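This one's a predicted model, so the numbers in the text were calculated from it and none came from an experiment. The sequence lines fix the lettering, A, B, ..., with proteins before strands; numbering per chain opens at 1. Just the heavy atoms: all of them, side chains too, but no hydrogens, waters or symmetry mates, feed the values below.
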2 protein chains.
Amino acid sequence: MSLRYALMALLRVGPLSGYDLQKQFQVSVGHLWHAPDSQIYPELRKMESEGLVVGEDQPRGERGTRRVYHLTDEGDQAYAAWMEGPLSYARAREPANLKAAYLESASPEAARAFLADHIRHWRGELEQWEAELERIDARANPMLQRRLAATHPRDHDRTVAFKRFGYEGLVDRARAEIAWAERGLALVDDLYGPEDTVAGHA
Amino acid sequence: MSLRYALMALLRVGPLSGYDLQKQFQVSVGHLWHAPDSQIYPELRKMESEGLVVGEDQPRGERGTRRVYHLTDEGDQAYAAWMEGPLSYARAREPANLKAAYLESASPEAARAFLADHIRHWRGELEQWEAELERIDARANPMLQRRLAATHPRDHDRTVAFKRFGYEGLVDRARAEIAWAERGLALVDDLYGPEDTVAGHA
DNA sequence: ACGCCCATGTAAGCGGTTACATGATTGT
DNA sequence: ACAATCATGTAACCGCTTACATGGGCGT
């Protein structure tokens, strides 16, 4: 239910073609709310049918066209309503914690592999988000630049500060997941004895 | 895709009727993986059709029946395969962080309300999970008691330790969310000036 | 007799995933 | 000429949500 608001957040700074929107999405708001292009195109059509955006077919070369989407007043109001209203929270559904709670039924090797993989996954996410934080601080993200160019300089610090704040939450999350899984590895050592090192084959 | 493994984790300690399973689910593994009863009954039927469980209709009173589910060998193996294999991770899709990153387009009041609500939500979750941690430490959860009764005393510490570990991750998460949102409230004060207190109407 | 709990679902719809499908344009 | 990338989708399926639906059993 949040995809459309993520899309509108981008369209609010100016019209974009479906393709450009999708590309910008992947390197900006897509870090916060993932969506593949195969979901974005249909969602735009659906939003158009609901009057939130209008699509304008523009010629491209001889035969090609590209569809440029503009946010409508109605879309702007829907976005504002989402921003002003409460968020609904989904109940917990955490596969990693679920599995962790029953690790006594896994082999020690599988338990270690699971935890190592958890660390690997969240380290990867952490890198992405930290890199994005740096781009935000440097005001280097193209979408952010467009956004700042479209707003009064007086509001720039606010815009940057909130963007930073949103990503900081993800960074905190990733760090917490990594720390948790590291404690898990120590716990496995405690319960089963330290791992035979890979080098210990001889 | 994890629901069936959550159900099998319970059925592994012994057969349960759909109803009992659903009830036990809500007060144990349901904290880690939420599912309403309207999802559990059909999932059990589906698992039966795949041979993971068998359902046995037992008479109840004169006309009533209850369907008692047993884990099959095939189900046990599927559970083991899940435990031994890797978990697949979903890409980030965090409505709260998404909204946070665009809070400059909300009124200060809405921003504060959002953050306060975030804190309220996660405090509620935190309470649940901390209460569950206490029940784990006291070995007071009925499902945990059944589980321990069905396993060798030598393995009890492990079982309890991993269950604790799983919930600790959720507790960490909740604390991180609360700390983040509190920083957010401070940030809003910084950016817009401190809130007029409710008492400040005079 | 009544109400609460036991007991088990169905149906419609939504958001998302995965895989597939097609063709035009631009730069080398 | 060819490749990369621009550009836009469709179709099938899956897990989950929400609301609705029904009836028996048991304790007071």
Side-chain angles (χ1 to χ4, degrees), chain A residues 1-8 15-27 29-30 32-50 52-53 55-69 82 87-95 98, chain B residues 1-8 15-27 29-30 32-50 52-53 55-69 82 87-95 98:
Chain A
M1 202 60 280
S2 294
L3 173 58
R4 57 180 50 196
Y5 302 107
L7 293 171
M8 284 193 272
L16 281 170
S17 72
Y19 183 79
D20 287 340
L21 178 51
Q22 177 258 113
K23 284 290 163 197
Q24 290 306 312
F25 188 96
Q26 306 304 336
V27 297
V29 66
L32 301 158
W33 189 271
H34 168 77
D37 52 348
S38 69
Q39 197 186 354
I40 291 174
Y41 287 115
E43 183 67 21
L44 285 168
R45 289 285 181 174
K46 204 177 160 206
M47 287 163 74
E48 185 169 22
S49 80
E50 295 175 36
L52 303 175
V53 298
E56 173 199 358
D57 275 321
Q58 284 185 356
R60 172 172 173 269
E62 280 304 303
R63 261 170 306 279
T65 60
R66 40 187 244 135
R67 197 162 176 79
V68 174
Y69 288 96
W82 180 70
L87 214 56
S88 64
Y89 287 84
R91 299 289 309 278
R93 202 171 270 133
E94 301 291 342
L98 171 62
Chain B
M1 201 59 280
S2 294
L3 174 57
R4 55 181 52 198
Y5 302 106
L7 293 171
M8 286 193 270
L16 281 170
S17 72
Y19 184 79
D20 287 340
L21 177 51
Q22 177 257 115
K23 283 291 162 192
Q24 290 305 313
F25 187 96
Q26 305 303 336
V27 296
V29 66
L32 301 158
W33 189 270
H34 167 77
D37 51 350
S38 71
Q39 197 186 355
I40 290 174
Y41 287 116
E43 182 67 20
L44 284 168
R45 289 286 183 175
K46 204 178 161 205
M47 289 163 74
E48 186 170 19
S49 81
E50 295 175 36
L52 303 175
V53 297
E56 173 199 358
D57 275 323
Q58 283 186 355
R60 173 173 172 271
E62 279 304 304
R63 262 171 305 280
T65 60
R66 38 187 247 138
R67 196 163 178 79
V68 175
Y69 288 95
W82 181 70
L87 214 57
S88 65
Y89 287 85
R91 299 289 310 279
R93 203 171 269 132
E94 301 291 343
L98 170 63

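Taking atom CG of B:D37 as the reference point, atom P of C:dC5 lies 15 Å away to the nearest angstrom. Atom CD of A:E50 and atom C1' of C:dC14 are 12 Å apart (whole Å). A straight line from CD of B:Q24 to P of C:dA7 spans 12 Å, rounded to a whole angstrom. Atom NE2 of B:H34 and atom C1' of D:dT17 are 9 Å apart (whole Å). As rounded to whole Å, 13 Å separates atom P of C:dC6 from atom CD of B:Q26. The CD1 atom of A:I40 sits 12 Å away from the C1' atom of D:dT8 (whole-angstrom rounding). Atom P of nucleotide D:dC16 and atom CG of B:L44 are separated by 13 Å, given to the nearest angstrom. Remark: P of D:dC16 and CD of B:E43 are 8 Å apart, rounded to the nearest angstrom.
OP1 or OP2 of C:dT17 has at least one side-chain nitrogen or oxygen of B:R93 nearer than 4.0 Å. For A:R63 and C:dG23, the shortest distance from a side-chain N or O to OP1 or OP2 is not below 4.0 Å. Between D:dT8 and A:R66, no contact under 4.0 Å exists linking OP1 or OP2 to a side-chain N or O. Residue B:W33 has a polar side-chain atom (N or O) positioned under 4.0 Å from OP1 or OP2 of D:dC16. OP1 or OP2 of C:dC6 has not a single side-chain nitrogen or oxygen of B:R60 nearer than 4.0 Å. Taking 4.0 angstrom as the limit, B:K46 places none of its side-chain polar atoms (N or O) nearer than this to OP1 or OP2 of D:dC14.
By the 4.5 Å heavy-atom criterion applied to side chains, A:Q58 and A:E56 are counted as neighbours. The shortest side-chain heavy-atom distance between B:V29 and B:Y5 does not fall under the 4.5 Å cut-off. Looking only at side-chain heavy atoms (C-beta outward), B:L16 and B:F25 stay at 4.5 Å or farther from each other.
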Inset, instruction - Would you sort out whether A:E94 and B:L32 count as a side-chain contact (heavy atoms from CB on, under 4.5 Å), showing the intermediate values? - result: CA-CA 6 Å; A:E94 301 291 342; B:L32 301 158; 5.9 Å; no
Legend entry - Intermediate values then yes/no, side-chain contact (heavy atoms from CB on, under 4.5 Å), A:R66 and A:D20: CA-CA 10 Å; A:R66 40 187 244 135; A:D20 287 340; 3.5 Å; yes
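Scanning both residues, A:Y41 and A:G18, for their nearest heavy atoms gives CE2-C, 3.9 Å. The minimum heavy-atom distance between B:W33 and A:L98, with the atom names listed, is CB-CD2, 4.3 Å. Nearest heavy atoms, A:A35 versus A:I40: O-CD1, 4.0 Å.
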What nitrogen or oxygen pairs link the protein and nucleotides 18-21 of chain C at under 3.5 Å?
| unit_1 | atom_1 | unit_2 | atom_2 | d |
| --- | --- | --- | --- | --- |
| C:dT18 | O4 | A:S38 | OG | 3.2 |

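Listed nucleotides: D:dA7, C:dT8, D:dG25. Nearest to the side chain of B:Y41: C:dT8. With D:dG15, C:dA7, C:dC6 as the candidates, the nucleotide lying closest to the side chain of B:D20 is C:dA7. Side chain of B:Y19, nearest nucleotide from D:dG9, D:dA7, C:dC5: C:dC5.
The residue among A:Q22 and A:R91 whose nearest nucleotide of DNA chain D lies closer to the 5′ end is A:Q22.
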